[in-house]
There are 2 protein chains.
Amino acid sequence: MRTAAKKARPRATPLSRPRILRAALAIADTAGLEGLTVRRLAQELGVTAMAIYRHYESKDAIERSLVDLVVGDYDVTSHDDADWREWICTTYALMRRGLCEHPAIIPLLSKATYAGSDAMAVLERVLCRFGEAGLAPHVATRLFHTLMAYTIGSVTLRSLESLHAGARGPRAASQQLRERRLEFARGPRSRYPRVVAAASHLASHFEGRHFEAGLRAIIGGVLAAPPVRSGRCAAESRISLPRSAASMPVSAPVACVPGRDRSD
Amino acid sequence: MRTAAKKARPRATPLSRPRILRAALAIADTAGLEGLTVRRLAQELGVTAMAIYRHYESKDAIERSLVDLVVGDYDVTSHDDADWREWICTTYALMRRGLCEHPAIIPLLSKATYAGSDAMAVLERVLCRFGEAGLAPHVATRLFHTLMAYTIGSVTLRSLESLHAGARGPRAASQQLRERRLEFARGPRSRYPRVVAAASHLASHFEGRHFEAGLRAIIGGVLAAPPVRSGRCAAESRISLPRSAASMPVSAPVACVPGRDRSD
DNA sequence: GCATCGAGTATACGGTGTACACTCCAGGCA
DNA sequence: TGCCTGGAGTGTACACCGTATACTCGATGC
């Protein structure tokens with residue numbers, strides 16, 4: 001069986017960017033981002049590692065395209081005529097859904113490198129829509145930023161939801177990780193009962209419509225908010241903060257994860 | 001000079017978790033997360049790579065502690081008597097500041113593994129404060145989630161702000177990356193003028209007080225929002241989405257980053 | 001029939017996290 | 001004072017990573 005990929009090049013299904021990308025996404029979905037390896041990707045495609053570099057200049061380029069694939073590629077033009085708030089909610093809900101289905105690519109969002117044309121096109125359409133709705137540019141920018149941040153942060157936080165005791169799902173959850181979660185969540189000895197309760201509640205009740213409700217709340221809040229006063233910056237100027245991080249030396253011993261259990 | 005660290009163990013400044021952590025943060029700040037290497041960390045500390053494993057069981061454990069250090073360690077008890085909204089704003093502003101000062105650790109936030117005790121303590125205090133303010137538990141959870149998501153997303157999005165043409169700063173911005181940014185932003189040939197304008201505006205005008213204004217807008221919006229109706233999930237159910245990602249095959253060729261410029 | 005070209009291969013290199021066995025040195029105790 | 005012990009730090013080794021370089025084919029144009 002499997003006459004493919006040894007010496008004779010069978011050319012059955014030639015390599016291509018979409019094929020590589022699809023395989024890469026599948027690997028990232030099942031094995032996480034650190035499981036996504038050029039060699040493994042090649043193996044999955046029945047090909048040598050270097051063959052991939054015929055189509056992508058680097059692994060980084062593949063990851064960039066992954067972001068684009070997940071964040072950028074869906075069709076929201078089909079209800080352009082809906083109320084603009086609904087359109088916005090739908091767009092962000094789709095973005096959230098894509099990220100929730102492929103959580104492995106979330107860490108990539110924070111890299112400036114990863115702004116592909118597809119993702120950009122979606123953002124451009126959102127801003128365009130704000131303009132059509134008559135929002136002043138600076139209000140549109142503010143709303144854009146707030147909704148975008150909420151969406152990205154919301155999917156980032158899903159890792160927190162899995163904190164609660166009943167967290168399940170084989171999504172790269174090693175036994176060790178599961179034990180750490182349980183240590184936080186289990187029973188009355190948890191030092192963070194409210195966090196655990198909130199995580200549990202979010203995990204079991206936070207679905208699409210809660211996210212959309214959050215979007216609507218933010219839209220309402222931002223549109224109702226007074227313009228930002230220049231001048232004093234309330235919070236940051238009020239407290240003289242003794243940050244222990246950064247450039248100043250760490251004075252107190254840093255409390256670390258629960259304890260060194262290295263048996264040897 | 002430098003009699004240290006060859007054969008004779010000078011024991012001048014013995015290794016310790018805080019010392020390792022501080023060095024690791026410094027490396028991450030200057031060289032990015034991918035520049036943070038056990039070997040480089042050891043070198044910076046004048047020590048062998050394996051010496052570090054006496055104090056941390058793995059590199060992952062170090063990264064976890066880094067998150068804790070940046071996100072968890074600041075003192076907000078000094079104004080516990082302030083209005084609760086102000087307290088909340090200050091707390092989140094400090095969190096944001098820490099993350100902005102050490103953007104390298106942002107990708108770590110989306111890993112479920114990385115919930116250390118210090119970070120947890122801060123979250124617990126926030127939820128506690130919500131309770132004291134008389135918020136119903138489900139409202140508190142919702143507000144907590146929204147503010148948290150906004151904060152994390154806001155720092156994640158800072159990479160987008162650097163999109164605009166004038167982006168500077170040597171923060172691991174390679175020449176290649178800078179060129180890619182310029183390609184997006186420069187002049188009228190940009191295909192995404194609104195995104196570039198918004199990024200530019202955010203980069204030059206979005207400071208602490210705008211972030212805090214966003215926090216206040218969100219608090220207002222969430223508190224004023226109607227309870228989430230169960231039943232129909234508006235956006236997601238309204239559209240039959242032809243996602244090209246995920247399990248279905250990629251039909252159309254995926255538009256990728258601007259062009260294959262592999263000269264050979 | 002032959003040159004060309006491009007997709008895929010083979011090999012190699014430097015760098016990564018970390019397992020394992022070791023070498024010291026400080027301290028307790030005779 | 002001298003020995004013993006345990007832990008901090010070293011040295012070496014391994015499997016794996018991304019990718020540069022040089023190659024080998026098979027299809028294609030003349």
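The basis for the numbers below is simple: all heavy atoms, side chains too, and nothing from hydrogens, waters or symmetry mates. Throughout, a chain's letter reflects where its sequence line sits, starting with A, and its residues are numbered from 1.
Atom CD of A/Glu34 is separated from atom C1' of D/dG18 by 16 Å (rounded to the nearest Å). In this structure, B/Leu15 atom CG and D/dT10 atom C1' are separated by 13 Å, rounded to whole Å. Residue B/Ile52 contributes atom CD1, which lies 13 Å from atom C1' of D/dA8 at whole-angstrom precision. Here C/dG15 presents its C1' atom at 16 Å from CG of B/Leu41, a figure rounded to the nearest Å. The CG atom of A/Leu45 sits 13 Å away from the C1' atom of C/dG8 (whole-angstrom rounding).
What you find for A/Ala104 and A/Ala28 is that their closest heavy atoms are CB-O, 3.3 Å. Looking at every heavy atom in both residues, A/Ser58 comes nearest to A/Tyr53 through CA-CE2, 3.9 Å. In plain terms, the two heavy atoms of B/Asp68 and B/Ala119 that are nearest each other are OD1-N, 3.0 Å.
Separation of atoms CD (A/Glu101) and CG (A/Leu25) is listed at 9.5 Å; rounding is to 0.5 Å. Taking CD of B/Gln43 as the reference point, atom CD1 of B/Ile27 lies at 8.5 Å (rounded to 0.5 Å).
Residues forming a side chain to side chain contact (heavy atoms under 4.5 Å, CB included) with A/Ala149 (at least two apart in sequence, or on another chain): B/Tyr150, B/Ser154, B/Leu157.
With pairs defined as Watson-Crick or G-U wobble and both atom distances under 3.5 Å, the stems of at least three pairs that touch DNA chain D come out as C:1-30 with D:1-30.
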Could you list all N or O pairs between the protein and nucleotides 14-16 of chain D that sit under 3.5 Å apart?
none

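Comparing atom distances between the B/Met50 side chain and each of D/dT10, D/dA20, D/dG9 picks out D/dT10 as nearest. Nearest nucleotide to the side chain of B/Arg54, out of C/dG17, D/dG9, C/dG8: D/dG9. Distance from the side chain of B/Ser58 is smallest to C/dT18 among C/dT18, D/dG11, D/dT19.
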